[in-house]
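First the structure, in the form of structure tokens, and then the observations on it.
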Amino acid sequence: MTATNKQVRRYWVMKSEPSAFSIDDLKKQRKTSWDGIRNYQVRNLIRDEISVGDIALFYHSSSDSIGVAGEMEVISQAYADLTQFNKKDSHFDPKSSKDDPTWLCLDVKFIEKYNQIILLKDIKSLPVMKDSRLVSRGNRLSVFEISKEQYEAVKALAEVG
DNA sequence: GCCAACGTTGGC
DNA sequence: GCCAACGTTGGC
């Protein structure tokens, strides 16, 4: 066993409607289970691609100020999302079984809330974001990857304020 | 396995 | 609240 198993940190965007769960909610709770994912592409991403230690931008969608509200860190691997088994939960999935759960979630912890939301319209003006899902119309993935350069460009917008 | 209909997402 | 985009479902 050599000490060369350190992974390169990857960067993600995770979307949430702030009326359901916002950066302020995460700040208060310090960490949360990012559950309710009901899209196969996103499930496969969190299962196969996202690692503990990765960074995710917290994106507020469908709200008065659409954009990136802050940052969080992934603190667990993917595991079974319990809401799929709860009949009273809006994410209940009658086709899923406990032996072979269809849906997964993972845990994230609060890192930072930006002083102001980095608005989508400002993100769109960054050349480095041109081909990102973040600015593409009709992007329905609630979790997707961005490059380190893109992450840094967005973060720089938060710092100039 | 194709593809039209349907349902949901999400920016405006 | 509208509607375009697009993932999912279901009939064939």
Side-chain angles (χ1 to χ4, degrees), chain A residues 10-29 32-50 54-72 74 78-108 110-147 149-158 160-161:
Chain A
R10 295 170 78 177
Y11 299 86
W12 309 90
V13 174
M14 297 172 81
K15 296 194 283 197
S16 176
E17 294 194 20
S19 58
F21 187 79
S22 73
I23 189 82
D24 290 320
D25 296 322
L26 179 62
K27 187 176 182 181
K28 242 176 286 173
Q29 292 174 216
T32 195
S33 163
W34 202 269
D35 57 18
I37 292 167
R38 296 293 181 270
N39 171 288
Y40 289 102
Q41 289 179 60
V42 173
R43 181 203 64 186
N44 295 349
L45 269 184
I46 70 164
R47 185 188 62 198
D48 304 332
E49 304 293 332
I50 301 185
D54 284 0
I55 298 292
L57 296 177
F58 194 132
Y59 181 84
H60 281 185
S61 64
S62 302
S63 70
D64 289 343
S65 335
I66 295 164
V68 175
E71 281 180 41
M72 51 201 171
V74 176
Y79 60 95
D81 177 350
L82 293 179
T83 63
Q84 71 199 304
F85 305 124
N86 181 356
K87 283 193 177 125
K88 291 178 186 152
D89 195 285
S90 62
H91 298 293
F92 176 64
D93 183 350
K95 288 178 292 188
S96 185
S97 74
K98 288 194 172 167
D99 293 339
D100 185 18
T102 308
W103 304 112
L104 305 173
C105 61
L106 47 67
D107 293 343
V108 293
F110 177 80
I111 295 181
E112 180 183 5
K113 178 188 176 183
Y114 297 148
N115 290 330
Q116 62 281 308
I117 289 178
I118 306 171
L119 297 173
L120 177 60
K121 70 176 175 59
D122 294 327
I123 294 170
K124 281 183 172 169
S125 72
L126 296 171
V128 71
M129 297 308 296
K130 189 166 134 349
D131 298 318
S132 173
R133 287 205 130 96
L134 191 47
V135 299
S136 71
R137 183 177 177 74
N139 169 34
R140 306 183 53 184
L141 292 186
S142 61
V143 177
F144 54 92
E145 188 169 19
I146 54 172
S147 69
E149 291 69 31
Q150 290 170 334
Y151 161 78
E152 283 167 357
V154 171
K155 196 173 165 62
L157 281 183
V160 295

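Naming: A, B, ... by sequence-line order, numbering from 1 per chain.
Not counting sequence neighbours, A/S136 has no partner by the side-chain hydrogen bond (donor to acceptor under 3.5 Å, both in side chains) test. By the ring-ring contact (aromatic ring centres under 6.0 Å, His included) test, A/Y11 pairs with A/Y151, sequence neighbours left out. With sequence neighbours excluded, the residues satisfying side chain to side chain contact (heavy atoms under 4.5 Å, CB included) with A/E145 are A/R10, A/W12. Not counting sequence neighbours, A/Y59 has no partner by the ring-ring contact (aromatic ring centres under 6.0 Å, His included) test. For A/N39, the side-chain hydrogen bond (donor to acceptor under 3.5 Å, both in side chains) criterion is met by no residue, not counting sequence neighbours.
Among the protein residues, A/K121 comes within range of no part of the nucleic acid, since none of its heavy atoms lies under 4.0 Å from any strand.
Atom NZ of A/K27 has 12 or fewer neighbouring heavy atoms from other residues, nucleotides or ligands inside a 6.0 Å radius. For A/D48, the CG atom counts as densely surrounded, since its 6.0 Å shell holds more than 12 non-hydrogen atoms of other residues, nucleotides or ligands.
The list of salt bridge (charged side-chain N to carboxylate O under 4.0 Å, His left out) pairs with a residue in residues 36-47 of chain A, not counting sequence neighbours, reads A/R38-A/D81. Screening residues 118-129 of chain A for salt bridge (charged side-chain N to carboxylate O under 4.0 Å, His left out) gives no qualifying pairs among residues at least two apart or on separate chains.
Helix bend of the helix from B/dG1-C/dC12 to B/dC12-C/dG1: the angle between its two end axes, each built from five pairs, comes to 10° after rounding to 10°.
Under the 30°/60° scheme for interplanar angles, the aromatic rings of A/W34 and A/F21 are found to stand perpendicular.
A heavy atom closer than 4.0 Å to some atom of DNA chain B occurs in no member of residues 40-50 of chain A. Across residues 55-68 of chain A, A/Y59, A/S61, A/S62, A/I66 each have a non-hydrogen atom less than 4.0 Å from an atom of DNA chain B (numbered order).
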Quiz: residues 92-103 of chain A side-chain donor-acceptor pairs under 3.5 angstrom, not counting sequence neighbours:
from, atom 1, to, atom 2, distance (Å)
A/D93, OD1, A/K95, N, 2.9
A/D93, OD2, A/W103, NE1, 2.8
A/S96, OG, A/Q84, OE1, 2.8
A/S96, OG, A/T102, N, 3.0
A/S96, OG, A/T102, OG1, 3.3
A/S97, OG, A/D100, N, 3.2

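When each of A/I117, A/I123, A/L157, A/I23 is tested with A/V68 by the rule side chain to side chain contact (heavy atoms under 4.5 Å, CB included), just one qualifies, namely A/I123.
On the nucleic acid side, DNA chain B contacts chain A at distances under 4.0 Å to non-hydrogen atoms, with the end points of that region at B/dG7 to B/dC12.
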